[in-house]
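Keep in mind the model is a prediction, meaning the values are calculated, not measured. All residue numbers in this chain count up from 1 along the given sequence.
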Amino acid sequence: MKQYRRIVPVMACVGMLAMVLSGCGGDAGGKQIVRIGHNQATDHPTNVALLEFEEFIEERLGDKYEIEIYPSELLGSQTDMVQLTQTGAVDFCVASNSILETFSENYTLFNLPYLFASAEAYHAAMDDEEIVGPIFESTKKAGFEAVTWIDAGTRNFYTVSTPIESPADLKGLKIRVQQSPTNVRMMDLLGGSATPMGFGDVYTALQSKVIDGAENNEMALTSNGHGDVCKYYSYDMHQMIPDILIGNCAFLDGLPAEEREIFEEGFRLVNSVEREEWVKAVEAAKDKAEHEQGVTFLYPDTKPFQETCEAMHQEMLGRYPDLEPIYDKIQDHNGQHPSEKE
């Protein structure tokens, strides 16, 4: 298990990171180093899946490649890591779809609140090549492309001391959101004050009351300790946003055909392992958050939240009409997998 817990005391900018990783693409004992960065803890399903990927690639191509995994934002924020992947200083990284929205407008679609009617519709749509293909390939000119998606569950609001039972409860609260225009717009409609910031800064901001809450899946409570500070978690289920494993195009295009197929098989492995681990991890996170951290889970009526955000769908389609055919395909999946509440 080659995970790197410390690189330099402070990584202040992408330029410094690029210098630190100037050996990327070089070799280690005749092997090419393949570096993968992400922002999750070592016990997170994403890291577990990447360890499986490491083992898979090194079993089949270990004479040529050495995989190195950098968890917990050791390579900087998600935006930093995406930029490093663009340049080839890093070969792969995991980034939230919300971050990728700033690199390609096509990713805006997956950020829409209440885009998917159910978890089943979400999974079916994300497994549909006709839906994800055009979006995943839309950043090739920027130097990277998506190679698989990673389940990140549903995003919900959690707060230090204010139970969120309706949109009105968000009024005046400073809520951390991902650094995406769509998420800022969502908070504006819901009445909260959007506070974009990197994920690694959230715990300190909650603890010091710079913000009143955040929005994420259940794993943030336990793996990242947010449940030590936030005591209310509200299942408004406003988004189902995938995380995306992206790869540097020069690296991917430079792989011989037989090696590329092995890597593609490895990407499919990442997806399947992470999804299996996700189900178990969410159950464990809820149990720990409730019984050890003292978090109260709330189950409000989601309809008022959904109705408040409905305008964003037409706003998005008006700005990006080319996305309408993909949006319509997602609606087909929604029709096949409606919400259990309907």
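Looking at Gln86, its side chain does come within 3.5 Å of a backbone N or O of Ala142 through a donor-acceptor pair. With hydrogens and angles ignored, the 3.5 Å screen pairs a side-chain donor or acceptor of Lys174 with a backbone N or O of Val210. Side-chain atoms of His337 do not come within 3.5 Å of backbone N or O of His333 as any donor-acceptor pair. Distance alone, capped at 3.5 Å, places no donor-acceptor pair between the Arg35 side chain and the Tyr70 backbone. Proximity of a side-chain donor or acceptor of Ser223 to a complementary backbone N or O of Ala41 within less than 3.5 Å is not detected.
In summary, the side chains of Ser96 and Gln178 do present a donor paired with an acceptor at a separation below 3.5 Å, with no hydrogens or angles considered. Using a 3.5 Å distance cut-off with no hydrogens or angles, the side chains of Ser77 and Asp80 do pair a donor with an acceptor. Side-chain atoms of Gln331 and Asn334 form a donor-acceptor pair, as typed in the model, at a separation below 3.5 Å. Looking at Ser98 and Asn111, their side chains do bring a donor and an acceptor atom within 3.5 Å of each other. Side-chain contact, Asn224 with His226: no donor N or O sits under 3.5 Å from an acceptor N or O.
Checked for salt-bridge contact, Lys64 and Glu259 meet the test: a charged N lies under 4.0 Å from a carboxylate O. The pair Glu276-Lys280 does not count as a salt bridge, with every side-chain nitrogen at least 4.0 angstrom from each carboxylate oxygen. Between Arg185 and Glu315, at least one side-chain nitrogen of the basic residue sits less than 4.0 Å from a carboxylate oxygen of the acidic one, meeting the salt-bridge criterion. Using a cut-off of 4.0 Å between Lys/Arg side-chain N and Asp/Glu carboxylate O, Arg268 and Glu261 are scored as salt-bridged.
Residues His44 and Pro71 form no side-chain contact, since every pair of their non-hydrogen atoms from C-beta on lies 4.5 Å or further apart. Side-chain contact check for His238 versus Tyr114: some heavy-atom pair is nearer than 4.5 Å. At least one side-chain heavy atom of Asn183 sits under 4.5 Å from a side-chain heavy atom of Gln239. Annotation: side chain of Asn248 is not in contact with side chain of Val90 (no heavy-atom distance under 4.5 Å). The shortest side-chain heavy-atom distance between Ile326 and Ile135 falls under the 4.5 Å cut-off. Annotation: side chain of Pro196 is in contact with side chain of Val184 (closest heavy-atom distance under 4.5 Å). Between Thr148 and Glu264, the closest side-chain pair of non-hydrogen atoms is not below 4.5 Å. For the pair Tyr107 and Ile241, the minimum side-chain heavy-atom distance is 4.5 Å or more.
Close placement of the Phe53 and Phe267 rings is indicated, their centers lying within 6.0 Å of each other. Aromatic ring centres of Phe92 and Phe251 lie closer together than 6.0 Å. For Tyr235 and Tyr233, the ring centers are positioned less than 6.0 Å apart. Residues Tyr327 and His313 place their aromatic rings such that the two centres sit under 6.0 Å apart.
In this structure, the separation between CD on Gln179 and CD on Glu101 is 11.5 Å, given to the nearest 0.5 Å. Note that CG of Leu269 is 12.0 Å distant from CD of Glu54, once rounded to the nearest 0.5 Å. If you take CG on Leu170 and OG on Ser193, they are separated by 11.0 Å, rounding to the nearest 0.5 Å.
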Requested in this report: Please step through side chain to side chain donor-acceptor pair (under 3.5 Å) for the pair Gln40 and Thr46, ending with a clear verdict.
Outcome: CA-CA 7 Å; Gln40 301 293 354; Thr46 292; 5.4 Å; no
Requested in this report: Please lay out, stage by stage, how Val34 and Glu68 fare under the test side-chain contact (heavy atoms from CB on, under 4.5 Å).
Outcome: CA-CA 6 Å; Val34 178; Glu68 295 180 353; over 6 Å; no
Report task. Determine, step by step, whether Ile164 and Leu298 satisfy the side-chain contact (heavy atoms from CB on, under 4.5 Å) criterion, reporting the C-alpha distance in whole Å, the side-chain angles of both residues, the deciding distance to 0.1 Å, and the verdict. Result -> CA-CA 8 Å; Ile164 305 300; Leu298 306 170; 5.5 Å; no
Report task. Give the C-alpha distance, both sets of side-chain angles, the deciding distance and a yes or no for side-chain contact (heavy atoms from CB on, under 4.5 Å) between Leu173 and Phe157. Result -> CA-CA 11 Å; Leu173 296 185; Phe157 293 111; over 6 Å; no
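Just one residue in the list Trp278, Tyr122, Phe110, Phe136 forms a ring-ring contact (aromatic ring centres under 6.0 Å, His included) with Trp149, and that residue is Tyr122. Test Asp127, Asp243, Asp151 against Arg275 for salt bridge (Lys or Arg N to Asp or Glu O under 4.0 Å) and you get one pass: Asp127. Exactly one of Ile99, Val147, Val82 qualifies for a side-chain contact (heavy atoms from CB on, under 4.5 Å) with Ile246. That residue is Val82.
Environment of CD in Glu258: crowded, with over 12 heavy atoms of neighbouring residues, nucleotides or ligands closer than 6.0 Å. Few gaps surround CD on Glu59; more than 12 heavy atoms of other groups in view lie less than 6.0 Å from it.
For the pair Ala125 and Ile330, the tightest heavy-atom approach, listed with the atom from each and the gap, is CB-CG1, 4.3 Å.
Hydrophobic clustering keeps Val229 apart from Met219 (ILVMFWY residues linked when any side-chain heavy atoms are closer than 4.5 Å, directly or through intermediates). Grouping the Ile, Leu, Val, Met, Phe, Trp and Tyr side chains by contacts below 4.5 angstrom, directly or via other members, places Tyr65 with Ile262.
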